[in-house]
2 protein chains.
Amino acid sequence: MTESTPAPGEPRVPGAREIPEATVARLPVYLRALTALADAGTATCSSEELASSTGVNSAKLRKDLSYLGSYGTRGVGYDVAYLRYQIARQIGVTQDWPVVIVGIGNLGHALANYSGFRSRGFRVVALLDADPDRQDEVVAGVDVRPFRDLDRIVREHGVAIGVIATPAVAAQNVADRMVTAGITSILNFAPAVLAVPDGVDVRKVDLSIELQILAYHEQRKTGAATDPDPLAVQGGVA
Amino acid sequence: MTESTPAPGEPRVPGAREIPEATVARLPVYLRALTALADAGTATCSSEELASSTGVNSAKLRKDLSYLGSYGTRGVGYDVAYLRYQIARQIGVTQDWPVVIVGIGNLGHALANYSGFRSRGFRVVALLDADPDRQDEVVAGVDVRPFRDLDRIVREHGVAIGVIATPAVAAQNVADRMVTAGITSILNFAPAVLAVPDGVDVRKVDLSIELQILAYHEQRKTGAATDPDPLAVQGGVA
DNA sequence: AAGAGTTTGTGAACGCAAGCACAAACTCGA
DNA sequence: TCGAGTTTGTGCTTGCGTTCACAAACTCTT
């Protein structure tokens with residue numbers, strides 16, 4: 001992904017270790033498991049327990065946590081509340097993150113209503129849509145605003161993160177406008193490759209790609225491969 | 001992920017090369033780009049062109065394609081239609097994949113309406129929901145059926161792939177029922193870790209995890225880390 | 001206080017993936 | 001036919017991520 005170059009030679013933050021990308025991707029999973037444990041009233045847990053409830057290897061879990069610091073106690077395990085706070089702080093979900101969502105189709109609706117956002121510090125400050133007919137609606141308690149208001153909304157609320165839930169053809173234009181408005185992190189649900197300047201992070205979630213990966217493995221399981229006959233190309237794929 | 005062990009010693013399929021997981025994950029991206037090129041009337045393209053339109057390195061693209069076979073022509077490039085067919089065949093999207101979706105919330109609606117499924121061989125044969133009030137609805141031209149019909153529907157349509165779009169608490173039960181019914185690939189949108197027997201593949205898409213990864217990098221960019229004071233644990237994270 | 005049992009943190013080995021760089025194989029013009 | 005230009009396919013190097021395995025550090029019982 002578009003990693004902001006850490007200025008060759010000098011570390012990004014003096015005391016902060018560099019956390020590997022693979023570890024960063026797992027921290028939210030640990031956070032969720034710790035929250036569940038805390039809600040269940042559990043005060044302490046071992047790396048083995050936490051690992052099995054998150055579906056990872058316990059050695060990997062311990063190595064992941066070691067990048068954050070030494071927050072466990074040998075012979076005992078981890079304090080659930082303490083570890084949870086430390087992970088939340090590292091990820092950044094102890095802060096408030098104002099977010100805008102662009103594109104109010106089915107997916108935009110689903111995202112606006114998704115409770116998992118609010119509970120982790122993400123606050124949807126506006127839903128934007130280019131269609132003027134939609135701008136009287138209120139979805140999930142948030143006003144639908146015209147897309148042209150993007151700049152003002154970003155400025156007023158200090159929005160750093162934008163979500164694109166538009167059709168593919170509109171995605172690049174939306175991304176450009178977001179970047180211009182000052183957004184530096186984009187979560188893209190549109191099936192399109194976005195070009196953005198350095199310093200802007202883009203993560204992509206593609207629903208059909210995940211299904212296709214499953215189909216690949218499923219095909220291998222059942223051994224049902226299509227005829228590799230090159231002549232079949234004439235017909236093409238539907 | 002739960003990779004079906006390829007029987008130590010003997011290759012899974014005699015003639016088939018083993019395609020690396022990282023490559024499999026990119027094949028759908030190439031497929032989409034090739035479809036766009038074909039729609040635009042392009043007959044031939046180089047690895048450089050295809051790479052830039054999919055956002056990957058051209059060397060990586062060529063290496064990925066080399067796992068499928070030698071489908072390019074040196075000095076010329078790749079035949080768009082031919083390569084597209086070969087990739088589609090390898091992934092398995094030249095076949096028809098009947099799919100069931102369980103959980104008709106906002107996300108279920110979005111998935112049922114998503115055109116990217118049908119155009120790639122995925123056919124939603126049923127939407128299942130435990131709520132009896134919803135079973136008169138028709139969403140995206142597909143009947144909403146009671147969850148208890150799962151077994152029959154899977155049997156009748158030969159469903160191999162199931163999608164879980166329920167709340168987290170229901171997910172494991174749904175997965176168990178899916179496995180019992182004969183489903184061997186699950187796409188899970190619920191924020192829960194699923195336990196499934198060997199031979200069943202699970203892929204997870206977690207909307208809030210992606211946002212949290214963005215937040216982590218965003219926090220690093222702005223240098224706005226929260227006070228690491230251990231005493232703050234008393235307050236905990238909201 | 002000492003030994004047995006438990007669990008963390010991490011050095012080291014291993015394996016997969018990314019990228020470089022170049023020979024091989026093609027086209028095209030003279 | 002030959003040489004210049006283009007593009008693929010791939011061996012090799014490098015780096016990252018995973019896993020193993022064990023010393024260090026803790027608790028608990030006697």
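On a predicted model such as this, the values are computed, not experimentally measured, just so you know. Chain letters run A, B, ... following the sequence lines, proteins first and then strands; every chain starts at 1.
- Judged purely by atom type and a 3.5 angstrom limit, Glu48(B) has no side-chain atom pairing as donor or acceptor with the backbone of Ser58(B).
- If you measure from atom CG of Asp79(A) to atom P of dT7(C), you get 16 Å, rounded to the nearest angstrom.
- In this model, the phosphate group of dT18(D) is approached by a side-chain N or O of Arg26(A) to a distance below 4.0 Å at OP1 or OP2.
- Taking all atoms of both residues into account, the shortest heavy-atom contact from Pro98(B) to Val159(B) is O-CG1, 3.6 Å.
- At distances below 3.5 Å, at least one donor-acceptor pair connects side-chain atoms of Gln212(B) with backbone N or O atoms of Ser208(B).
- In this structure, the side chains of Thr166(A) and Asn173(A) stay at 4.5 Å or more apart for every pair of heavy atoms.
- The base of dT7(D) is not paired with the side chain of Arg74(B) by any donor and acceptor separated by under 3.5 Å.
- Close to dG9(D), at under 4.0 Å from its OP1 or OP2, lies a side-chain N or O of Tyr78(B).
- Distance, Leu61(A) CG to dT7(C) C1': 12 Å, rounded to whole Å.
- Heavy-atom minimum distance, Tyr78(A) versus Arg62(A): OH-CG, 3.8 Å.
- Remark: Thr73(B) is not in phosphate contact with dC26(C), judged by side-chain N or O atoms under 4.0 Å from OP1 or OP2.
- When the side-chain nitrogen and oxygen atoms of Asn57(B) are compared with OP1 and OP2 of dA17(C), none of them lie within a distance under 4.0 Å.
- If you find the closest nucleotide of DNA chain D to Lys60(A) and to Gly77(B), the one lying nearer the 5' end belongs to Gly77(B).
- Whole-Å rounding puts the Glu48(A) CD to dT8(C) C1' distance at 12 Å.
- Taking only side-chain atoms of Ser70(A), from C-beta outward, the nucleotide of dG11(C), dG9(C), dC26(D) with the closest atom is dG9(C).
- Whole-Å rounding puts the Leu83(A) CG to dT7(C) C1' distance at 14 Å.
- Gln86(B) places its CD atom 12 Å from the P atom of dG9(D), with the value rounded to the nearest Å.
- Side chain of Gln95(A) to main chain of Gly121(A): no donor-acceptor pair is present (N/O by atom type, distance under 3.5 Å, no hydrogens or angles).
- Atom OH in Tyr67(B) sits about 17 Å away from atom P in dT8(D), given to the nearest Å.
- Taking all atoms of both residues into account, the shortest heavy-atom contact from Arg26(A) to Asp64(A) is NE-OD2, 2.7 Å.
- Summary of the strand contacts: Gly75(A) and Val76(B) both lie near DNA chain D, and taking for each the nucleotide with the nearest heavy atom, the more 5' one is attributed to Val76(B).
- The Arg62(B) side chain lies nearest to dA21(C) when the options are dG9(C), dA21(C), dG17(D).
- A stem is defined here as three or more consecutive Watson-Crick or G-U pairs, each with both distances under 3.5 Å; for DNA chain D these stems are C:1-30 with D:1-30.
- With 3.5 Å as the limit, one finds no donor-acceptor pair spanning the side chains of Asp201(B) and Ser185(B).
- Whole-Å rounding puts the Glu21(B) CD to dG15(C) C1' distance at 15 Å.
- Across the protein-nucleic acid pair, Ile19(B) atom CD1 and dA17(C) atom C1' stand 15 Å apart, rounded to whole Å.
- Scanning atom types as modelled, no donor and acceptor separated by under 3.5 angstrom connect the side chain of Lys63(A) and the base of dT18(D).
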